[in-house]
Amino acid sequence: MNIIILVITVSMLVIAAFYVVWADSFFTVLAASSMVSVGLVLLFVLLRAPDVALTEAVVGVALTGVIYALTLAKIDLWKINDNDDNNDVSQSKQ
Amino acid sequence: MQRWTTILFLTGLSIVLFAIITPLVLGQSPMLVGKLINASAVNDTGAANLVTAVVLAYRGLDTLGELAILFTAATAIGIILGTTDKTQTTSSPTAGFIVATAAKVLFPLLLVFALYIILHGHLTPGGGFQGGAVLAAAFFLLTLADSGNNIKHKVTQVIEALAGTAFIVLGLVSFALQGVFLQPWLDKGELGSLFSAGSLPLLYLALGLKVGAELANLLSSLANVEK
């Protein structure tokens, strides 16, 4: 039973990690990379390391996301409401 | 090109992850050190949470090194971004209704949770690093909700300095009493009660305040930096 949950968690983690590479807007990239951290938290809990899970939950899910979002906002790549193409990775690279 | 390298790396990582979980027997460690620590840690330190016993008692000097690393990183970011106290930020927009309301509701809960994690570090999973990060997140949530409500850099710097000094002073007192730096001292007390494990809860309190002040400082200087 535990193995099944583990396989599901790791699959979710890996899919989210691949989505980080494929996604084309910074907002979804950030959400997916937080998803990787959520998968890691579940993995740590299942492997009976609650201390590490707590650290990963606070740092990986919350603080890293906030730091990335703030940095992207400061360099004008983080726009959710505007319909201009600034949050499109492929276009901002040009 | 870079994308393909990343995908290659992720593929390798997923293969390793799946290889790890298939033959895994949960809860049975083949390591000898773990067995030794399991057998002797409670008698040596009086901490119910053995991770704390390792982090603060057996490997206290490593924890001091981690603090030094975090301090160096926070100082470098402070130098690059600047730590000026601004009275009001005109550039950043005010948060929406959901964030503003949730911040008011969540702030006291986060504060209680952070202090619980820090003060019960020797009893339950958690401790100074985790509690400090939650503490920083709680205070930054207020800044996020209302941009006029900035974290005062002068206050956090004083807290950070005092907490860092307290950690080293606790180690030096143990050096004076027992001849070993950062050895646990004070009465071990009853296993599992709040006032137990000697000096370990005091060390974790200093650690939590230092980490919290440093991270709050870092986040608010990142939020206030000019474009």
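Chain letters run A, B, ... following the sequence lines, proteins first, then strands; residues in each count from 1.
Side-chain atoms of A:T28 and A:S25 form a donor-acceptor pair, as typed in the model, at a separation below 3.5 Å. For the residue pair B:S220 / B:H153, a side-chain donor-acceptor distance below 3.5 Å is found, with atom types taken as modelled.
For a residue to count as touching a neighbouring chain, one of its non-hydrogen atoms must lie under 4.5 Å from one of that chain's; by this rule B:V134 touches chain A with backbone and side chain alike. Within the 4.5 angstrom heavy-atom criterion, no atom of A:V20 approaches chain B. Both the backbone and the side chain of A:V21 come within contact range of chain B, each with at least one heavy atom under 4.5 Å from a heavy atom of that chain. With a threshold of 4.5 angstrom between heavy atoms, B:T11 approaches chain A through its backbone and through its side chain. Within the 4.5 angstrom heavy-atom criterion, only side-chain atoms of B:I117, from C-beta onward, approach chain A.
Looking at heavy atoms from C-beta onward, B:E160 lies in side-chain contact with B:N217 at the 4.5 angstrom threshold.
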Quiz item: Can A:I67 and B:L218 be said to form a side-chain contact (heavy atoms from CB on, under 4.5 Å), step by step?
Solution: CA-CA 9 Å; A:I67 288 175; B:L218 195 154; 4.3 Å; yes
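Comparing B:P125, B:G127, B:G126, B:G121 by heavy-atom pairs within less than 4.5 Å of chain A, the highest count is held by B:P125. Contact count versus chain A (heavy atoms, under 4.5 Å) is highest, among B:L222, B:L215, B:L13, B:T124, for B:L222.
Taking the six-membered ring where tryptophan is involved, the planes of B:F113 and B:Y116 are essentially parallel, since the angle between them stays under 30° and well short of 60°.
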